[in-house]
Undergrad: 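Have a look at this one.
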Amino acid sequence: MSPWSCYRSMGLLCIVLLSLSIPFAIGDLQVGFYNSSCPQAESEVLSVVSKHFATDHSVTAAFLRMYFHDCFVRGCDASILIAPTKKKKRERSAGPNLTVRGFEIIDEVKANLEAQCPSTVSCADIIALATRDAVALAGGPNYDIPTGRRDGLVSNPKDVRLPGPSLTVSGAFQFFSAKGFTLEEMVILLGSHTVGVAHCVFFRDRLGNFQGTGAPDPSMDPSLKAKLTRICGPRPKPLKKDPTAFLDQNTSFVVDNQYYKQLLVNKGVMQIDQELASDSSTASVVSGLASDEAGFLQKFADALVKLGNVEVLMGTGGNIRKKCTAFT
């Protein structure tokens with residue numbers, strides 16, 4: 001287990017977290033994989049992530065997004081970390097990844113570990129561990145994450161196919177089911193939206209021209225619509241200048257079940273979020289998670305562990321990079 005029991009973000013009261021029952025090993029991945037080869041690996045990740053979290057609580061959302069975007073494209077192999085060049089585009093060049101953040105934190109961890117345990121700890125494992133630690137620092141579950149992944153040898157922007165914010169529930173589920181997730185697990189993983197923001201471009205149509213109707217999305221709470229309209233302004237802007245809005249309007253930096261509670265009162269920011277509460281196939285899951293925070297935290301941990309097992313490279317597959325940004 002990690003060397004601390006629980007944290008709350010922004011100095012809020014620390015709550016006692018669940019004692020989560022996570023398997024010791026999943027496939028060939030194992031909890032404590034580096035106990036002999038690099039025993040300080042997990043504490044080093046925690047140290048660096050904690051340092052950055054202390055000054056920027058948004059790192060939790062950044063790592064959750066990086067983890068998801070990496071694992072849903074060619075599996076959890078750190079292919080998202082490869083830096084593009086003028087001559088060669090990589091996964092980071094693809095549209096959905098242009099706003100992924102946190103690369104410099106991964107690089108810092110990797111540099112520290114290479115100095116202590118050369119060519120031992122994979123970049124893919126660093127992403128998984130950093131996400132685990134960031135979630136716990138933000139008040140979420142403190143869970144064990146199996147390690148032993150190896151790094152991929154391919155990073156192609158054409159491989160980046162991720163579920164978009166305007167999909168229907170059935171449309172989004174096609175992506176998740178292809179990776180082995182149930183419908184309930186999809187709803188739980190979308191609970192990552194309990195932290196983080198969305199650029200206005202991803203929900204602007206809901207404010208005034210929903211699905212080409214020339215009118216706002218009737219399912220959005222009027223007070224939320226007014227707030228988002230003030231944030232976004234009347235005209236679209238380039239992505240780098242596009243304003244952002246919190247996906248969880250209540251506890252924006254805390255991993256909890258407030259996201260689901262807001263969906264029940266029509267305060268989901270993106271279309272896919274709100275449709276989780278209105279679609280007959282997922283509405284009961286949303287209401288259940290909204291009424292059971294402890295249950296959500298345990299299921300969220302389980303889902304994040306399962307996400308980290310998607311199409312992983314192990315044994316002699318891939319390699320262990322010396323630098324996470326290059327195939328070295």
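Everything quoted here is computed from the prediction, not taken from an experiment.
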Undergrad: Would a single hydrophobic cluster contain both Phe210 and Leu276, if residues Ile, Leu, Val, Met, Phe, Trp and Tyr are joined by side-chain heavy-atom contacts under 4.5 Å?
TA: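 The answer is no; the residues belong to distinct hydrophobic clusters.
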Undergrad: Between the side chain of Gln274 and the main-chain N/O of Leu263, is any donor-acceptor distance below 3.5 Å?
TA: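 Side chain of Gln274 to backbone of Leu263: a pair is present.
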Undergrad: Classify the side-chain pair Asn112/Glu44 by whether it contains a donor and acceptor separated by less than 3.5 Å.
TA: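 A pair is found: one side chain offers a donor N or O, the other an acceptor, under 3.5 Å apart.
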Undergrad: Could you tell me the separation between the OG1 atom of Thr147 and the CZ atom of Arg132, rounded to the nearest 0.5 Å?
TA: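 Result: 9.0 Å between the selected atoms.
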Undergrad: Side-chain contact test, heavy atoms from C-beta onward, threshold under 4.5 Å: evaluate it for Gln271 versus Arg206 and give yes or no.
TA: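 Of all side-chain heavy-atom pairs linking Arg206 with Gln271, at least one is under 4.5 Å.
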Undergrad: In the structure I gave you, are the side-chain heavy atoms of Ile272 and Pro163 within less than 4.5 Å of one another anywhere?
TA: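 Not touching, per the 4.5 Å side-chain cut-off.
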Undergrad: Roughly how far, to the nearest 0.5 Å, is the CG atom of Leu64 from the CG atom of Leu189?
TA: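 CG of Leu64 is found 9.5 Å from CG of Leu189.
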Undergrad: Could you measure the distance from the CD atom of Gln40 to the CG atom of Leu113? Nearest 0.5 Å is fine.
TA: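 Here the rounded value is 7.0 Å.
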Undergrad: Does Leu289 reach the side chain of Lys299, with side-chain heavy atoms less than 4.5 Å apart?
TA: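 The answer is yes; the side chains approach within 4.5 Å.
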Undergrad: Heavy atoms only: give me the nearest Gln174-Ser177 pair and the separation to one decimal.
TA: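 Taking Gln174 first and Ser177 second, the nearest heavy atoms are O-OG, 3.3 Å.
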Undergrad: Applying side chain to side chain contact (heavy atoms under 4.5 Å, CB included) to His193 and Asp248, what does each step give before you reach the verdict?
TA: CA-CA 7 Å; His193 292 173; Asp248 178 339; over 6 Å; no
Undergrad: Check whether any side-chain heavy atom of Val59 lies under 4.5 Å from a side-chain heavy atom of Asp56, and answer yes or no.
TA: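 Yes, their side chains come closer than 4.5 Å.
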Undergrad: Any donor-acceptor pair under 3.5 Å linking the side-chain atoms of Ser58 with those of Arg101?
TA: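 There is such a pair (donor and acceptor under 3.5 Å, judged by atom type) between the side chains of Arg101 and Ser58.
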Undergrad: Answer with yes or no whether the side chains of His52 and Glu108 bring together a donor and an acceptor at under 3.5 Å.
TA: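 There is such a pair (donor and acceptor under 3.5 Å, judged by atom type) between the side chains of Glu108 and His52.
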Undergrad: Is there any salt bridge (charged side-chain N to carboxylate O under 4.0 Å, His left out) pair reaching into residues 155-179, and which pairs are they, with sequence neighbours excluded?
TA: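 Every salt bridge (charged side-chain N to carboxylate O under 4.0 Å, His left out) pair that includes a residue of residues 155-179, provided the two are not neighbours, is Arg74-Asp159, Lys179-Glu311.
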Undergrad: Looking only at atom types and distance, does a side-chain atom of Arg92 sit under 3.5 Å from a main-chain N or O of Leu81, one as donor and one as acceptor?
TA: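 A pair under 3.5 Å: yes.
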Undergrad: Quick check: does any side chain N or O of Thr328 sit under 3.5 Å from a backbone N or O of Lys322, one acting as donor and the other as acceptor?
TA: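 Yes: the side chain of Thr328 pairs with the backbone of Lys322.
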Undergrad: Cluster question for you: counting only ILVMFWY and a side-chain heavy-atom cut-off of under 4.5 Å, with indirect links fine, are Leu239 and Met270 together?
TA: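 In one cluster with Leu239: Met270, yes.
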Undergrad: Which is it for Thr168 and Asp279 under the side chain to side chain contact (heavy atoms under 4.5 Å, CB included) test, yes or no, and what are the steps along the way?
TA: CA-CA 9 Å; Thr168 61; Asp279 191 286; over 6 Å; no
Undergrad: Evaluate side-chain hydrogen bond (donor to acceptor under 3.5 Å, both in side chains) for Gln249 paired with Gln262, printing each intermediate quantity in order.
TA: CA-CA 8 Å; Gln249 299 287 309; Gln262 290 169 67; 5.6 Å; no
Undergrad: Of the options Lys240, His199, Arg65, which is the one that meets Thr99 in a side chain to side chain donor-acceptor pair (under 3.5 Å)?
TA: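 That would be Arg65.
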Undergrad: Could you tell me whether a side-chain N or O of Arg235 sits under 3.5 Å from a main-chain N or O of Cys232, the two making a donor and an acceptor?
TA: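 No; zero donor-acceptor contacts below 3.5 Å.
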Undergrad: Would you say Thr194's side chain and Asp256's backbone share a donor-acceptor pair under 3.5 angstrom?
TA: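 Side chain of Thr194 to backbone of Asp256: a pair is present.
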Undergrad: Please report the shortest heavy-atom distance between Ile231 and Ala245, naming the atom on each side.
TA: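 Result for this residue pair: CD1-CB, 4.2 Å.
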Undergrad: Decide whether Ile320 and Val312 are clustered together by the hydrophobic rule: side chain heavy atoms of Ile, Leu, Val, Met, Phe, Trp, Tyr closer than 4.5 Å, transitively.
TA: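 No, it is not one cluster - the side chains of Ile320 and Val312 are not joined through contacts under 4.5 Å.
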Undergrad: Taking a hydrophobic cluster as the set of Ile, Leu, Val, Met, Phe, Trp and Tyr residues connected by side-chain heavy atoms closer than 4.5 Å, whether directly or through intermediates, do Leu153 and Val310 fall within one such cluster?
TA: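 Leu153 does not cluster with Val310.
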Undergrad: For residues Phe296 and Ile188, report the shortest heavy-atom separation together with the two atoms involved.
TA: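 Shortest heavy-atom contact: CE1-O, 4.0 Å.
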Undergrad: Heavy atoms, side chains only, cut-off 4.5 Å: are Ser122 and Tyr34 in contact?
TA: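 Answer yes - side chains close enough.
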Undergrad: Ring centres under 6.0 Å, that's the criterion: do Phe68 and Phe176 meet it?
TA: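 Phe68 vs Phe176: aromatic centres under 6.0 Å.
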Undergrad: How far apart are the C-alpha atoms of Gln258 and Asn250, what are their side-chain angles, what is the distance that settles it, and do they pass the side-chain hydrogen bond (donor to acceptor under 3.5 Å, both in side chains) test?
TA: CA-CA 7 Å; Gln258 285 294 315; Asn250 290 345; 3.1 Å; yes
Undergrad: Under 4.5 Å between any side-chain heavy atoms of Cys200 and Thr244, yes or no?
TA: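 A side-chain contact is absent here, since even the closest heavy-atom pair is not under 4.5 Å.
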Undergrad: So, for Phe63 and Tyr67, is the gap between ring centers shorter than 6.0 Å?
TA: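 No, the ring of Phe63 stays outside the 6.0 Å limit from the ring of Tyr67, centre to centre.
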Undergrad: So, do Pro96 and His69 sit near enough that their side-chain heavy atoms are less than 4.5 Å apart?
TA: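 Counting from C-beta outward, Pro96 and His69 do come under 4.5 Å.
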Undergrad: Run Tyr259 and Asp273 through side-chain hydrogen bond (donor to acceptor under 3.5 Å, both in side chains) and show every step you take.
TA: CA-CA 9 Å; Tyr259 162 77; Asp273 294 328; 2.7 Å; yes
Undergrad: Is there side-chain contact between Val255 and Val195, with at least one heavy-atom pair below 4.5 Å?
TA: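 Heavy-atom side-chain distance check passes, below 4.5 Å.
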Undergrad: Flag the pair Lys237 and Asp242 as a salt bridge only when some basic side-chain nitrogen lies within less than 4.0 angstrom of an acidic carboxylate oxygen.
TA: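 Looking at Asp242 together with Lys237, the answer is no, because their closest N to O distance does not fall below 4.0 Å.
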Undergrad: Once you round to the nearest 0.5 Å, how far does CD of Glu42 lie from CD1 of Ile145?
TA: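 Nearest 0.5 Å value for the CD-CD1 distance: 9.5 Å.
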Undergrad: For the atom pair OG (Ser291) and OH (Tyr260), what is the distance rounded to the nearest 0.5 Å?
TA: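 Ser291 OG to Tyr260 OH: 12.0 Å, rounded to 0.5 Å.
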Undergrad: Could you pull out the closest heavy-atom pair between Phe103 and Ile80, with the gap in Å?
TA: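 Minimum heavy-atom separation between Phe103 and Ile80: CE2-O, 3.6 Å.
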Undergrad: Are Leu313 and Ile127 in one and the same hydrophobic cluster, where Ile, Leu, Val, Met, Phe, Trp and Tyr link if side-chain heavy atoms are under 4.5 Å apart?
TA: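 They do not share one cluster, since no chain of ILVMFWY contacts under 4.5 Å joins Leu313 to Ile127.
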Undergrad: Are Phe175 and Phe181, when compared by the centres of their aromatic rings, separated by less than 6.0 Å?
TA: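 No, they do not, as the ring centres are separated by 6.0 Å or more.
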Undergrad: Take Leu247 and Val197 through the side chain to side chain contact (heavy atoms under 4.5 Å, CB included) test and state the conclusion after the steps.
TA: CA-CA 5 Å; Leu247 294 170; Val197 299; 5.7 Å; no
Undergrad: So Glu91 and Ser79, side-chain hydrogen bond (donor to acceptor under 3.5 Å, both in side chains) or not? Walk me through it.
TA: CA-CA 7 Å; Glu91 285 182 26; Ser79 53; 2.6 Å; yes
Undergrad: Using the side-chain contact (heavy atoms from CB on, under 4.5 Å) criterion, which residues pair with Asp221? Sequence neighbours excluded.
TA: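 Per chain and number, Asp221 pairs via side-chain contact (heavy atoms from CB on, under 4.5 Å) with Ser223, Leu224, Asn266, Lys267.
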Undergrad: Closest heavy-atom contact between Leu264 and Ala290?
TA: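 The pair with the smallest heavy-atom distance is CD1-CB, 3.6 Å.
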Undergrad: Quick one: does Asp151's side chain have a donor or acceptor within less than 3.5 Å of a partner on Arg321's backbone?
TA: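 Side chain of Asp151 to backbone of Arg321, a donor-acceptor pair under 3.5 Å: yes, one is there.
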Undergrad: Does the Asn97 side chain pair with the main chain of Val100, one donor and one acceptor, at a distance under 3.5 Å?
TA: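 Absent.
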Undergrad: Parallel, tilted or perpendicular, judged at 30° and 60°: which one describes the rings of His57 and Phe53?
TA: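 Aromatic pair His57/Phe53 classed parallel.
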Undergrad: Using modelled atom types and a 3.5 Å cut-off, is there a donor and acceptor pairing between side-chain atoms of Arg204 and backbone atoms of Gly233?
TA: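 Flag set: sc Arg204 to bb Gly233 pair under 3.5 Å.
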Undergrad: Does any N or O in the side chain of Ser287 come within less than 3.5 Å of the main-chain N or O of Ser284, such that one atom is a donor and the other an acceptor?
TA: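 A pair under 3.5 Å: yes.
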Undergrad: Calculate, to the nearest 0.5 Å, the distance between atoms CZ and OG belonging to Phe203 and Ser166 respectively.
TA: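 With rounding to 0.5 Å, CZ (Phe203) is 11.0 Å from OG (Ser166).
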Undergrad: Heavy atoms only: give me the nearest Cys324-Asp107 pair and the separation to one decimal.
TA: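 That closest heavy-atom pairing would be CB-OD1, 4.0 Å.
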Undergrad: Is the backbone of Cys38 close enough, under 3.5 Å, to the side chain of Thr120 for a donor and an acceptor to pair up by distance?
TA: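 Looks like no, no N/O pair under 3.5 Å.
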Undergrad: Test of understanding: with side-chain hydrogen bond (donor to acceptor under 3.5 Å, both in side chains), list the residues that count as partners of Glu114, not counting sequence neighbours.
TA: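 Glu114 satisfies side-chain hydrogen bond (donor to acceptor under 3.5 Å, both in side chains) with Lys110 once adjacent residues are dropped.
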